[in-house]
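Comments concern the structure below.
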Amino acid sequence: MFLGKEVRLNRIVNPKSGRMLAITVDHPITRGMMPGLVDIRSVMRKVVAGKPDGITMHKGIAEKVFAPYAGQASIILKASAYSVQYHPTYDTPVADVEEAVRFGADAISVGCIVGGPDQAQQLTFLGKISKEAASAGMPLVAHIYPKGSLIKDQHDAEVLAYAVRAGAELGVDIIKTMWSGSAESFRSVVDACPSIVALAGGEMGETLEDYLRMTRQALDVGMRGVTYGRFVWSHPHTSAVIKSLSALMHDDASVEGALKVYERALEEEKDLQK
């Protein structure tokens, strides 16, 4: 591994645990203006205060919003986008490795939707950006989802395993995928992938405890990263949620222990407001 890539990976993959806790704020192109993400400056302040390892964002947000927080969290620059409404199965390029270097990012992130007619074009792009990222010493994160039109069940462990292995075959360092519904089935997804497997959040629970339990189960079968978004920044106590996740990811806390961290963080917030 080139030194530059190793340096950057050690910023987004916590050296204490060998795991990555990343928060995504790249949703507006994909899902429109979601409640909780409209005031991006306020969201960024709360997210950074929680001390995640990295924050996934598009280049315009990095340029216009992130500067006050430089050095407090790593930028994971999002370089592609799809739209649930307008192009739901095609993740199109919107940035490149040169821009990731210019913005001081510690990784570049792209999406790839497999399991449909658009898969070939997206795999071609993934292979190309993998080469460019490696040449620049830039870690590559990919959100690879089996959401193509030929997929019957996008949470099926077999198609999830295909998705993460496709990324590993093309040189992706960290691959974000979806929860398969159980620890037993998700183990087969992790086992299929020699790269770091990270878990997406989405609509896989209703409460903080739901997400903590899912995260704990995934960690117990070898998952080494999370890239959560909606449930974190839509929560009224974003920073406290991130701190509870950090307890799971980096201190190997139980769900109950992580909830106690959350409660302590709430108390600290109250003390600061006095």
Side-chain angles (χ1 to χ4, degrees), residues 1-27 29-30 44 47-48 50-63 65-67 69-81 91 93-112 122 125-145 163-164 166-168 170-177 193-201 223-229 232 242 245-246 249-250:
M1 184 184 297
F2 290 117
L3 178 59
K5 186 173 184 178
E6 188 168 359
V7 168
R8 293 183 177 97
L9 267 177
N10 283 341
R11 292 186 188 132
I12 60 171
V13 178
N14 193 291
K16 176 181 178 181
S17 63
R19 297 167 176 164
M20 178 191 75
L21 168 56
I23 306 300
T24 62
V25 296
D26 63 336
H27 299 67
I29 296 176
T30 304
M44 193 68 75
V47 169
V48 172
K51 300 183 179 180
D53 300 308
I55 306 173
T56 303
M57 66 192 83
H58 283 290
K59 55 188 175 183
I61 301 304
E63 185 172 39
V65 179
F66 190 74
Y69 310 106
Q72 298 180 50
S74 288
I75 293 174
I76 301 174
L77 190 74
K78 191 67 181 295
S80 70
D91 221 313
V94 295
D96 57 31
V97 172
E98 181 183 350
E99 289 175 299
V101 173
R102 178 161 57 86
F103 281 109
D106 284 316
I108 188 166
S109 173
V110 298
C112 181
Q122 293 173 83
F125 170 62
L126 185 60
K128 180 175 181 291
I129 203 163
S130 174
K131 176 185 177 181
E132 293 170 356
S135 296
M138 180 68 66
L140 176 59
V141 179
H143 305 187
I144 307 180
Y145 300 145
V164 297
L170 295 182
V172 180
D173 300 294
I174 300 171
I175 304 169
K176 175 181 174 182
T177 193
C193 185
S195 301
I196 293 174
V197 173
L199 189 61
M223 182 269 292
R224 290 177 55 200
V226 298
T227 52
Y228 292 158
V232 175
I242 296 172
L245 287 167
S246 182
M249 298 296 297
H250 303 321

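Keep in mind it's a predicted model, so treat the numbers as computed, not measured.
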Are Asp91 and Ser80 linked by a side-chain donor-acceptor pair shorter than 3.5 Å? yes
State which residues pass side-chain hydrogen bond (donor to acceptor under 3.5 Å, both in side chains) with Glu99; sequence neighbours excluded, sorted by chain then number. Lys59
Dump the intermediate steps for side-chain contact (heavy atoms from CB on, under 4.5 Å) on Val13 and Asn10, then the final yes or no. CA-CA 5 Å; Val13 178; Asn10 283 341; 5.7 Å; no
Can you sort out the partners of Thr24 under side-chain hydrogen bond (donor to acceptor under 3.5 Å, both in side chains), two or more places apart, ordered by chain and number? none
Nearest 0.5 Å please: distance from the OG1 atom of Thr227 over to the CG atom of Leu199. 7.5 Å
Should Ile29 and Asp26 count as side-chain neighbours, where that means a heavy-atom distance under 4.5 Å? no
Does a donor on one side chain sit under 3.5 Å from an acceptor on the other, for His143 and Ser109? yes
Residues which pass ring pair (Phe, Tyr, Trp, His ring centres under 6.0 Å) with His250, listed by chain and number, not counting sequence neighbours: none
Set of side chain to side chain contact (heavy atoms under 4.5 Å, CB included) partners for Ile242, sequence neighbours left out: Leu21, Ile23, Val47, Pro52, Val232, Thr238
Any side-chain heavy atom of Met20 sitting closer than 4.5 Å to one from Ile174? yes
Heavy atoms of Ala22 and Ile76 approach each other most closely as CB-CD1, 4.0 Å
Who passes side chain to side chain contact (heavy atoms under 4.5 Å, CB included) against Ala79, sequence neighbours left out? Ala95, Ile108, Val110, Ile129
With rounding to the nearest 0.5 angstrom, report the SG to OH distance, Cys112 to Tyr145. 11.5 Å
Does the side chain of Leu3 reach to within under 4.5 Å of the side chain of Val7, using non-hydrogen atoms? yes
Can you list, pair by pair, the side-chain donor-acceptor contacts under 3.5 Å of residues 131-139, counting residues two or more places apart and other chains?
{"unit_1": "Glu132", "atom_1": "OE2", "unit_2": "Lys128", "atom_2": "NZ", "d": "2.7"}
{"unit_1": "Ser135", "atom_1": "OG", "unit_2": "Lys131", "atom_2": "O", "d": "3.1"}

Pairing residues for Glu63 by the side chain to side chain contact (heavy atoms under 4.5 Å, CB included) criterion, not counting sequence neighbours: Phe103
Is Val197 close to Arg224 at the side-chain level, that is, under 4.5 Å between some pair of heavy atoms? no
Taking only residues two or more places apart in sequence, or in another chain, which ones meet Arg19 in a side-chain hydrogen bond (donor to acceptor under 3.5 Å, both in side chains)? Asp252
Strictly distance-based, threshold 3.5 Å: is any side-chain N or O of Ser195 a donor or acceptor partner for the main-chain N or O of Val172? yes
Take Ile175 and Ile196, measure what side-chain contact (heavy atoms from CB on, under 4.5 Å) needs, and give me the verdict at the end. CA-CA 6 Å; Ile175 304 169; Ile196 293 174; over 6 Å; no
Heavy-atom neighbours of Gln72 CD exceed 12 at 6.0 Å: yes
Who pairs with Asp106 by side-chain hydrogen bond (donor to acceptor under 3.5 Å, both in side chains), at least two apart in sequence or on another chain? Arg11, Ser74
Partner residues of Asp53 under the salt bridge (charged side-chain N to carboxylate O under 4.0 Å, His left out) criterion, sequence neighbours left out: none
Using 0.5 Å steps for rounding, measure from the OG1 atom of Thr56 to the OH atom of Tyr228. 13.5 Å
Of all residues at least two apart in sequence or in a different chain, which pass the side chain to side chain contact (heavy atoms under 4.5 Å, CB included) check with Ile61? Ile40, Met44, Met57, Val65
Rounded distance [0.5 Å steps], CG in Leu126 versus CG in Leu140: 6.0 Å
Nearest heavy atoms of Leu77 and Ala62, plus distance in Å: CD1-CB, 4.5 Å
Are Asp173 and Lys5 close enough, and set up right, to give a side-chain contact (heavy atoms from CB on, under 4.5 Å), and what steps lead you there? CA-CA 10 Å; Asp173 300 294; Lys5 186 173 184 178; 3.0 Å; yes
How about Ile144 and Thr177: do any of their side-chain heavy atoms sit closer than 4.5 Å? no
